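Let me give you the structure first, and then I'll get to my questions.
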2 protein chains.
Amino acid sequence: MKDTRSGQKERTRQKLIETALELSTQKGYSTLSLREVSIAAGITPAAFYRHFRDMEDLGLVLLDEVSGSLRRLLRDARRRVDESGRAVEVSIHAFMDFVNNNANHFQLLLGERQGGSVAFRKAIHSELDQFIGELTEDLEKTYMGRNEPLRHPAYTAEAIVAVIFTVGAEALTLPKHKQEHLVTRLIEEVKMILRGSKLTPRTPNEKSLSKRKNVVPKRP
Amino acid sequence: MKDTRSGQKERTRQKLIETALELSTQKGYSTLSLREVSIAAGITPAAFYRHFRDMEDLGLVLLDEVSGSLRRLLRDARRRVDESGRAVEVSIHAFMDFVNNNANHFQLLLGERQGGSVAFRKAIHSELDQFIGELTEDLEKTYMGRNEPLRHPAYTAEAIVAVIFTVGAEALTLPKHKQEHLVTRLIEEVKMILRGSKLTPRTPNEKSLSKRKNVVPKRP
DNA sequence: ATATTAGGTATACAACCGTTTACTGAAAAG
DNA sequence: CTTTTCAGTAAACGGTTGTATACCTAATAT
C-alpha cells in the first residue's frame, strides 16, 4: 500500500468526517468540540485545521453526505415501486430501511434541524425542501398516470414528510424487531393523507377496486 | 415593597428560569452553561446551586412551564370552537397564536426534542404524547357527535400534530405578517388528513353539504 | 542529490467551564 | 436584643476549550 501524500491526507480527512458523525449521534453535533473530534480521529487538534476551517465547516461537509443518502433513499424507493407496485407500502419499507441503515445521517438531519448554527439550519432546510420537491414530482406523476389527480401535490408531500420523519425519529429509539407497529401505523397515516388529498372520491372501506377509469370530476 | 427572604428567593428563581428560556432560543438550551445563565440572571455562579441542582434540573422545571402552555393552547382552541364552530380553522388560528405568543416555549419543545439529555428527551416526549392524547379525545368526541366516526382517531391526531408542529417550526422563522400563507397551507393539510381519516366518504369538491345523516358503514 | 512543500506534532496561551470552600450581611426566630 | 438561618459573594481548584506558534519529517519537485 503506497503512502502518497494526497492519499494519506484524504484518508485522515475521511476519518475526521466519520468520527464526527459517530460522536454526533451520542451527544448532538452542536455540542461536539474540535478537540475531541480530532483526538478521537487520531490526530492533534492543530492538525484539524489542515482539513477544515472549523467545526461548522466539517458539519456542512457532513450534510453533503446526508444529501447523498436522501437521494439514494428516493432512488431505492422508486426502484422498489417499479418492481412491485404497492407504492405506499414499499416506499415506507424503503424509508424504514433508510432510517436503520443510515441512522447516523438521519439523526444528524433531525437533531440539528433546530439546533445548530444558522448556516447549518439553512443547509438542512434546503435539503428537506429538495426532498419534498422530489416527492411532490413523484406524487404528481403517479396520480396523474392513474387519472386520480391530487388537490395539491406539494401540500401532500409536505404532510407525508412531516409524518414519516416523525415516525422515523421514533424508530431510532427502538430496536429493529420492535418497529413493526411503527410500520403499520406509518402506512395507515400516509394512506390517510393520500386519501384525503385525492380530488376523485374513492369508497374508503374497500381496498383497491382500482380500475374505475377516467373519472374526471365535474361540478354539478 | 417588602423584602421578605422567601419572596426575594422566589424572585431570583424566576429570573433564572426566565433568562434561561430567553438564552435557550438563541443557541439551544443544551449548549447553555450554568455560568452564563447565572451571570445573565444577575447572580454568582455559586448562587445558582441555592435554586437548582444543575442545568438539567432547571430544564425540567422549564418543561413544566411548557406543559402549562400546551394545556392553555388546548383550552383556548376548545373555547374558540365552542363559540364559533369551524373547528379546523379556529383551532389552527389558536395554534398559530400559541406559536407567536409562546415562541420561546414552543422553540424549546422543538429544539430539545432530539437534542438534550436523556431525562430531557423523555420529558418532552411524554409531554407530546399527552398532547396527542388530548387531541385524540377531542377528535373522537367531535366526529362521533356528527355521526362521522374516524377510522383511527389516534393516528389522525398523530399525523395532525406532526404537521402542525412542522409548520409551527417554520412560522418561528417568519415575522407575523408573513405567515398568512402558512395558515392557509396548514388548514388545507389538516383538512386533507381529516378527510382521509373519515370512515364515511364525503364528496370532496363541495364544501359542507354536511347534513347527510346517520350513514353508518356496512360491509357488503 | 538537493530544495521545497505540507501533514502532523508539541507546546503554550487566555478564556471559559462546573464545583467547592469560606465568607458576609440581613431577614427571621428566640 | 441576641442568635440563628440562609441567599448571595469572592476566590480558588482542576479541567476543557479554540487557536497560534515553532518545529519535525517524509513525500514531492527540481
Side-chain angles (χ1 to χ4, degrees), chain A residues 1-62 111-112 115-120, chain B residues 1-62 111-112 115-120:
Chain A
M1 201 179 282
K2 276 298 255 334
D3 205 22
T4 84
R5 194 135 74 182
S6 63
Q8 175 58 26
K9 171 160 187 179
E10 185 56 24
R11 207 174 307 134
T12 67
R13 184 188 138 99
Q14 285 305 324
K15 181 83 179 172
L16 277 170
I17 293 176
E18 171 193 330
T19 51
L21 182 61
E22 280 167 10
L23 292 178
S24 76
T25 66
Q26 299 168 12
K27 29 180 298 193
Y29 185 84
S30 51
T31 75
L32 291 185
S33 76
L34 183 151
R35 284 181 103 104
E36 68 177 317
V37 172
S38 307
I39 292 168
I43 63 170
T44 291
F48 179 94
Y49 296 100
R50 304 285 183 200
H51 303 274
F52 305 100
R53 206 177 327 106
D54 50 28
M55 283 296 291
E56 175 172 298
D57 190 20
L58 203 185
L60 293 177
V61 171
L62 255 173
E112 311 302 308
S117 69
V118 181
F120 220 90
Chain B
M1 201 179 283
K2 275 297 257 333
D3 205 23
T4 85
R5 192 134 75 182
S6 63
Q8 175 58 28
K9 172 161 186 178
E10 186 57 24
R11 207 174 307 136
T12 67
R13 184 187 138 100
Q14 285 304 324
K15 181 82 178 173
L16 277 170
I17 293 176
E18 171 194 329
T19 51
L21 182 61
E22 280 167 9
L23 292 178
S24 76
T25 66
Q26 298 168 13
K27 29 180 297 196
Y29 184 84
S30 51
T31 75
L32 291 185
S33 75
L34 183 151
R35 284 181 104 104
E36 71 178 315
V37 173
S38 307
I39 292 167
I43 64 171
T44 291
F48 178 94
Y49 296 99
R50 303 287 183 199
H51 302 275
F52 304 99
R53 205 178 327 107
D54 50 28
M55 283 296 290
E56 177 172 297
D57 190 20
L58 203 185
L60 293 176
V61 172
L62 254 172
E112 311 301 308
S117 69
V118 182
F120 220 89

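No experiment lies behind these values; they were computed from the predicted model shown. The chains referred to below are lettered A, B, ... by the order of the sequence lines, with proteins before strands, and numbering in each begins at 1.
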Modelled atom types, side-chain donor and acceptor of Arg11(B) and Gln14(B), under 3.5 Å: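 Distance-only check fails for Arg11(B) and Gln14(B).
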Closest contact, heavy atoms only, Ala41(A) versus Lys15(A):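 That would be O-CG, 3.5 Å.
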Side chain of Thr44(A) - closest among dT9(D), dT20(C), dT9(C):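 It is dT9(C).
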Nucleotide dA7(D), atom P - distance to CD of Glu10(B) in whole Å: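 Spelled out: CD on Glu10(B) to P on dA7(D) is 12 Å.
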Where at least one partner belongs to residues 42-54 of chain A, residue pairs that pass salt bridge (Lys or Arg N to Asp or Glu O under 4.0 Å), sequence neighbours excluded: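 Listed once each, the pairs would be none.
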Rounded distance in Å - CZ (Phe48(A)) to P (dT9(C)):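 Answer to the nearest Å: 14 Å.
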Within 6.0 angstrom of Lys27(A) NZ, more than 12 heavy atoms from elsewhere: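 Counting other residues, nucleotides and ligands, NZ of Lys27(A) exceeds 12 neighbours.
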Of the listed nucleotides dA10(D), dG8(C), dT9(C), the one nearest the side chain of Ala46(A):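 Side chain of Ala46(A) sits closest to dT9(C).
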Given dG7(C), dG18(C), dA7(D), the nucleotide with the shortest approach to the side chain of Lys9(B):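 In terms of side-chain proximity for Lys9(B), the closest of dG7(C), dG18(C), dA7(D) is dA7(D).
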Residue Arg50(A), side-chain heavy atoms: nucleotide from dG18(C), dG7(C), dT19(D) that is nearest: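 Selected nucleotide (nearest to the side chain): dG7(C).
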Nearest-neighbour nucleotide for the Arg5(B) side chain, dA26(D), dT17(D), dA26(C) considered: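 The closest nucleotide is dA26(C).
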Phosphate OP1/OP2 of dA27(D): any Thr4(A) side-chain N/O under 4.0 Å: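 Checking dA27(D) against Thr4(A), no side-chain N or O comes under 4.0 Å of OP1 or OP2.
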DNA chain D contacts among residues 15-22 of chain A, heavy-atom distance under 4.0 Å: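 By residue number: none to list.
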Selected nucleotide, minimal atom distance to Leu34(B) side chain, candidates dG18(C), dT9(C), dT19(D):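 Closest nucleotide to the Leu34(B) side chain: dG18(C).
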Any Thr12(B) side-chain nitrogen or oxygen under 4.0 Å from OP1 or OP2 of dA7(D):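 For Thr12(B), the contact criterion (side-chain N or O under 4.0 Å from OP1 or OP2 of dA7(D)) is not met.
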His51(B) side chain, from C-beta outward: closest of dG8(D), dG7(C), dA10(C):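 Closest nucleotide to the His51(B) side chain: dG8(D).
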Atom-to-atom span, CZ of Phe52(A) to P of dT19(D) - whole angstrom: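 The distance from CZ of Phe52(A) to P of dT19(D) comes to 15 Å, rounded to the nearest Å.
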Interatomic distance, Met55(B) atom CE to Tyr29(B) atom OH [nearest 0.5 angstrom]: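 Nearest 0.5 Å value for the CE-OH distance: 3.5 Å.
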